[in-house]
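One-based numbering, in listed order, for ligands and for the atoms of each. None of the values given here were measured: they were computed from a predicted structure.
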Amino acid sequence: MIPYSFQTIYDDDIREVEKVLKSPFLTQGPKVKEFEEALKTKLKSKYVVAFSSGTSALLGLYFSLLYTKYKLFKSPKDFFYKKIFFFLTTPITFSATSNAAVFLGGLPLFVDVDENGNISLDKLYTFLEILKRKAKNILKNIKFASFVHYAGNPFNTQKIYEILKEYNIPLLEDACHALGAKNENEVVGESKYSLGSAFSFHPVKPIACGEGGAVSTNDKKMYETLLLFRNHGLKKLSYWLYEKEFLSLNHRLSDIHAALGLSQLKKLEKFLEKRRRLAKIYYKLFKDIDFAKPIRQSNYSSYHLFPVRFKFKNLEKKKKYFENLRKKGIGVQVHYIPVYLLKFYKRLFKDFKEIYTKIYPSLDLKTFLKESYKFYKEELSIPLSQGLEEKDIYKIFDVLISEYKKL
Ligand SMILES: Cc1ncc(COP(=O)(O)O)c(C=O)c1O
């Protein structure tokens, strides 16, 4: 099976991990700091804090914003009587983008995507205007927007920032797909227009730690909060004395994972160059195909995914195609089932029906967020990875076409 994405590990990566295994520190040693320093240079941001996963990084990012800007979770009471707040996000993302905020007491407000799976500028503006007319109290209680750079293809942070600014909503970036990507204004993670960005180093992502993540920010207070958040909310006062500032858990990255990440980071440009080169071949091959169109990605995308929109008569056909391709060894994947369709979120919408019906008539998100649902019906991510070769791309393409014709 050719997976939709997979890691590429070299002998020198293994040697770096081995060195840590033979060193005194498997965790809380020097490698984490070294990894953070290297990321900071790559991302051109003032601060970077490594985390045990992209999910922990998102949780830390959201917490540090709520803690520093809105003074939430300052009192232990805040953990028992969570004050509801709202946040904006899109449904075409891994549910962690939303889960991490719900965990802290946030209710998601889903905004529609554009045809490439990223937050739509128009839909965002229209949505905020609807809230202004129909639900001012909700609008006032939106604490942040967190949007994913879908597939590693960055949305325009400056334009989104400018819309959000009108409503006093800070932007956060779910950059879990997008290490090494750039948009017209900045490197993803530079966070010129946001208060911070979260990354993942899961093996399918641009570089692999095994499990791992990081937050980049330019905000000193958020940085200091992130450091505490990662380690139980503990503040070291002297060699033996420490204090607990707020409630948190262990979200630390180990030195073993950091060593792998650091070694992989040195290969990032090489990996991206390969992904971009292979993507170009796909684009050429799909050019004359009328039943399948790859989403448009910039030359500076990280190409974490290569999503293609297929014309299917219905979802059953898509399912059949998906299964047939996997039987043929092509590990396609769906990115994503809209988050609002997941059981937990359906229940959340029911539990907070009174609030949500003010915004989404009859709670019919499939209709209200038209493009997201259409995207879900059509999209399949086809294999793209630095570990593939040109001949694999031609082979994958041929199977995709012949299996489609059999539908
Ligand atoms: C968009 C997005 N956000 C967050 C995450 C969570 O990252 P991790 O798996 O490292 O916890 C992922 C991982 O798949 C993701 O794709």
Given Glu173, His304, His177, the one that forms side chain to side chain donor-acceptor pair (under 3.5 Å) with His149: Glu173

Nearest neighbour in protein (non-hydrogen) for atom 4 (C) of ligand 1: Cys176 SG, 3.4 Å

Tyr336 near ligand 1 by a heavy-atom separation under 4.0 Å: yes

Close side-chain approach of Glu37 to Lys33, heavy-atom, < 4.5 Å: yes

Carboxylate-amine/guanidinium contact Lys274 Glu390, below 4.0 Å: no

Any N/O pair His202/ligand 1 closer than 3.5 Å: no

Nearest protein heavy atom with distance in Å, relative to atom 16 (O) of ligand 1: His177 NE2, 2.8 Å

Proximity of Phe144 and Tyr62 rings by center, below 6.0 Å: yes

Where ligand 1 meets Leu58 - atom numbers and elements under 4.0 angstrom, heavy-atom basis: 4 (C)

Top protein contact for atom 3 (N) of ligand 1, by heavy-atom distance: Asp174 OD2, 2.8 Å

Polar atom proximity, Gly54 to ligand 1 (N or O, under 3.5 Å): yes

Ring geometry between Tyr404 and Tyr321 (parallel below 30°, tilted from 30 to 60°, perpendicular above 60°): perpendicular

For ligand 1, the portion of Val204 having any non-hydrogen atom under 4.0 Å away: neither

Shortest protein heavy-atom distance from atom 14 (O) of ligand 1, along with the residue and atom involved: Lys205 NZ, 2.8 Å

Closest protein heavy atom (residue, atom, distance) for atom 15 (C) of ligand 1: Phe94 CB, 3.5 Å

Met222 vs Leu195 side-chain heavy atoms within contact, under 4.5 Å: yes

Option among Lys266, Lys267, Lys19 that satisfies the salt bridge (charged side-chain N to carboxylate O under 4.0 Å, His left out) test with Asp13: Lys267

Distance filter under 4.0 Å to Val148 heavy atoms, resulting ligand 1 atoms: 1 (C)

Contacting atoms of ligand 1, where contact means under 4.0 angstrom from a heavy atom of Thr93: 1 (C)

Electrostatic pair Glu34-Lys31, nearest N-O below 4.0 angstrom: yes

Residue Ser200 vicinity, atoms of ligand 1 by number, heavy atom under 4.0 Å: 7 (O), 8 (P), 10 (O)

Sub-3.5 Å N/O-N/O distance, Glu211 and ligand 1: no

is_close_aromatic(Phe397, Phe286), centroid dist under 6.0 Å: yes

Nearest-neighbour protein heavy atom for atom 6 (C) of ligand 1, which is reported as residue plus atom name and distance: Thr55 OG1, 3.4 Å

Ionic contact status for Arg133 with Glu129, cut-off 4.0 Å: no

